[in-house]
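Order of the sequence lines fixes the chain letters, A, B, ..., with proteins taken first and strands second; residue numbering starts at 1 for each chain.
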Amino acid sequence: MSITRKWATKQQRALEILVILERTYPDATCSLTYQTPVQLLVATILSAQCTDERVNKVTPALFARFPDAPSLANASIEELETLIRSTGFYRNKAKNIQGACQKIVSQFGGEVPQQMEQLLSLPGVARKTANVVLAHGFGIIQGVTVDTHVKRLSGRLGLTEQTDPIKIERDLMRLLPQPQWENFSIRIIYHGRAVCKARKPDCGVCQLAHVCPAAITPE
DNA sequence: ATCCCGAGGG
DNA sequence: CCCTCTGGAT
């Protein structure tokens, strides 16, 4: 009952949230479309401040024209910008995608590196992108992916008081079992898109409302 | 006007 | 810490 919930530790609540999310979204996966780790990296860079749905509309033409790191490394920046324009921030993204692919070719043998430190050395790649690529590209769980949804829901659910994504990630890494880190993120993202939306959260149908300090529950 | 699977620079 | 980069959807 609410008595035990009131004194439940953050860790206990985090685990309960994880269990409910796994039951609610049993088939949740990465919603970006890609064929190779390089394509996953590119799609993830493109997903910054952009819906995955929008990313998936530009990547088919992009990857048909430039399917791998060498071709992206040698692409004309203008053509790259045109192909990815609708995802926003297209100048930075084009520059970063090309810069990352050039470094992948020159320093990593044309393959996406599988070490966090090496990934973070690529332009346009920070913890969020690196976590996505490691988890979905290679099955390596190094951290918790903290995107805008994970940030918003972690706050609403009372799992962290931090606002800096790096500090939020640190809190979530303490609260959740390591093998479940990406399971948690991917399902939080699903839930953030479908129910716990930024503007009008649908608390009335939310499976987590009973463990959520921010839930708006009608009497 | 606000938000979307952010990152880099000041 | 702050700001900027960007277009599309709501």
Side-chain angles (χ1 to χ4, degrees), chain A residues 21 25 27-34 37 39-59 61-62 77-78 80-104 116-138 140-157 159-170 172-173 176 180-202:
Chain A
L21 289 174
Y25 308 102
D27 301 319
T29 54
C30 178
S31 44
L32 296 167
T33 56
Y34 60 95
Q39 293 185 1
L40 172 60
L41 173 65
V42 171
T44 308
I45 290 175
L46 290 176
S47 73
Q49 294 297 300
C50 177
T51 60
D52 285 12
E53 191 182 353
R54 170 62 51 188
V55 174
N56 290 337
K57 284 182 180 173
V58 312
T59 44
L62 176 66
I77 204 74
E78 292 79 14
L80 258 185
E81 288 177 355
T82 302
L83 283 164
I84 69 172
R85 185 177 169 284
S86 69
T87 66
F89 299 160
Y90 63 91
R91 290 191 201 93
N92 286 336
K93 287 176 180 175
K95 194 194 314 168
N96 288 334
I97 286 167
Q98 181 155 78
C101 286
Q102 287 172 349
K103 191 159 186 173
I104 286 170
M116 175 64 78
E117 198 179 335
Q118 296 176 334
L119 277 169
L120 295 179
S121 78
L122 300 173
V125 178
R127 292 278 313 184
K128 183 262 171 178
T129 300
N131 280 329
V132 169
V133 170
L134 286 172
H136 299 284
F138 303 116
I140 300 169
I141 309 299
Q142 284 282 116
V144 180
T145 298
V146 179
D147 74 322
T148 183
H149 296 293
V150 175
K151 176 177 179 178
R152 184 180 69 252
L153 270 66
S154 297
R156 285 180 177 170
L157 288 164
L159 298 180
T160 182
E161 283 75 54
Q162 303 298 325
T163 56
D164 174 13
I166 299 295
K167 294 178 182 172
I168 294 173
E169 183 181 1
R170 201 180 305 142
L172 294 176
M173 288 169 75
L176 297 160
Q180 306 300 322
W181 285 350
E182 191 61 19
N183 285 342
F184 176 82
S185 291
I186 203 74
R187 285 169 176 79
I188 284 281
I189 290 165
Y190 264 66
H191 193 63
R193 282 201 289 244
V195 178
C196 193
K197 295 170 283 188
R199 300 181 191 184
K200 210 165 74 78
D202 213 343

Novice: Take A/V144 and A/R170, measure what side chain to side chain contact (heavy atoms under 4.5 Å, CB included) needs, and give me the verdict at the end.
Specialist: CA-CA 8 Å; A/V144 180; A/R170 201 180 305 142; over 6 Å; no

Novice: Quick one: A/L32 CG to B/dC4 C1', roughly how many Å, whole number?
Specialist: 12 Å

Novice: For A/L157 and A/I188, run side chain to side chain contact (heavy atoms under 4.5 Å, CB included): C-alpha distance rounded to whole Å, both residues' side-chain angles, the deciding distance at 0.1 Å, then the answer.
Specialist: CA-CA 11 Å; A/L157 288 164; A/I188 284 281; 4.1 Å; yes

Novice: At 4.0 Å (heavy atoms only), tell me whether A/I186 reaches a base, stays on the sugar-phosphate, or touches nothing.
Specialist: base

Novice: In whole angstrom, what separates A/E53's CD from B/dC5's P?
Specialist: 9 Å

Novice: Which residue pairs satisfy the salt bridge (Lys or Arg N to Asp or Glu O under 4.0 Å) criterion with at least one member in residues 185-198 of chain A, sequence neighbours excluded?
Specialist: A/D52-A/R193

Novice: It should be established whether A/R152 places a side-chain nitrogen or oxygen under 4.0 Å from OP1 or OP2 of nucleotide B/dC3.
Specialist: no

Novice: How would nucleotides 2-10 of chain C be written as a contact map, 5' to 3', with B for base contact, S for sugar-phosphate-only contact and - for no contact, using protein heavy atoms under 4.0 Å?
Specialist: ---BBBSBB

Novice: Could you list the protein-to-nucleotides 8-10 of chain B atom pairs, N/O on both sides, closer than 3.5 Å?
Specialist:
from: B/dG8; atom 1: OP1; to: A/G124; atom 2: N; distance (Å): 2.6

Novice: Return the value, rounded to whole Å, for the distance between atom CG of A/L41 and atom P of B/dG6.
Specialist: 15 Å

Novice: Any side-chain heavy-atom pair from A/L172 and A/T160 closer than 4.5 angstrom?
Specialist: no

Novice: Taking only the P atom of each, what is the distance from C/dC5 to B/dC5 in whole angstrom?
Specialist: 22 Å

Novice: Please report, rounded to the nearest Å, how far the P atom of B/dG6 is from the CG atom of A/D164.
Specialist: 15 Å

Novice: Listing request: all salt bridge (Lys or Arg N to Asp or Glu O under 4.0 Å) pairs with a residue in residues 117-136 of chain A, at least two apart in sequence or in separate chains.
Specialist: A/R127-A/E169

Novice: Write down the distance separating the P atoms in C/dT6 and B/dG10, rounded off to the nearest Å.
Specialist: 16 Å

Novice: Nearest-Å distance, CG (A/L153) to P (B/dC5)?
Specialist: 12 Å

Novice: Tell me, which pairs form a side-chain hydrogen bond (donor to acceptor under 3.5 Å, both in side chains) where one or both residues lie in residues 84-93 of chain A, sequence neighbours left out?
Specialist: none

Novice: Which whole-number value in Å describes the distance from A/I168 CD1 to B/dC5 P?
Specialist: 16 Å

Novice: Would you compute the distance between atom OG of A/S121 and atom CD1 of A/I104 and round it to the nearest 0.5 angstrom?
Specialist: 9.0 Å

Novice: I want to check one thing: is the phosphate of B/dG6, taken as OP1 and OP2, less than 4.0 Å away from some side-chain N or O of A/T44?
Specialist: no

Novice: Tell me whether A/W181 contacts the main-chain N or O of A/Q142 through its side chain, where contact means a donor paired with an acceptor under 3.5 Å.
Specialist: no

Novice: Check side chain to side chain donor-acceptor pair (under 3.5 Å) between A/R152 and all other residues, then give those that pass, not counting sequence neighbours.
Specialist: A/H149

Novice: Both A/A198 and A/S47 contact DNA chain B. Taking the nearest nucleotide for each, which residue is further toward the 5' end?
Specialist: A/A198

Novice: Let me know the distance between CD1 of A/I189 and P of B/dC3, rounded to the nearest Å.
Specialist: 18 Å

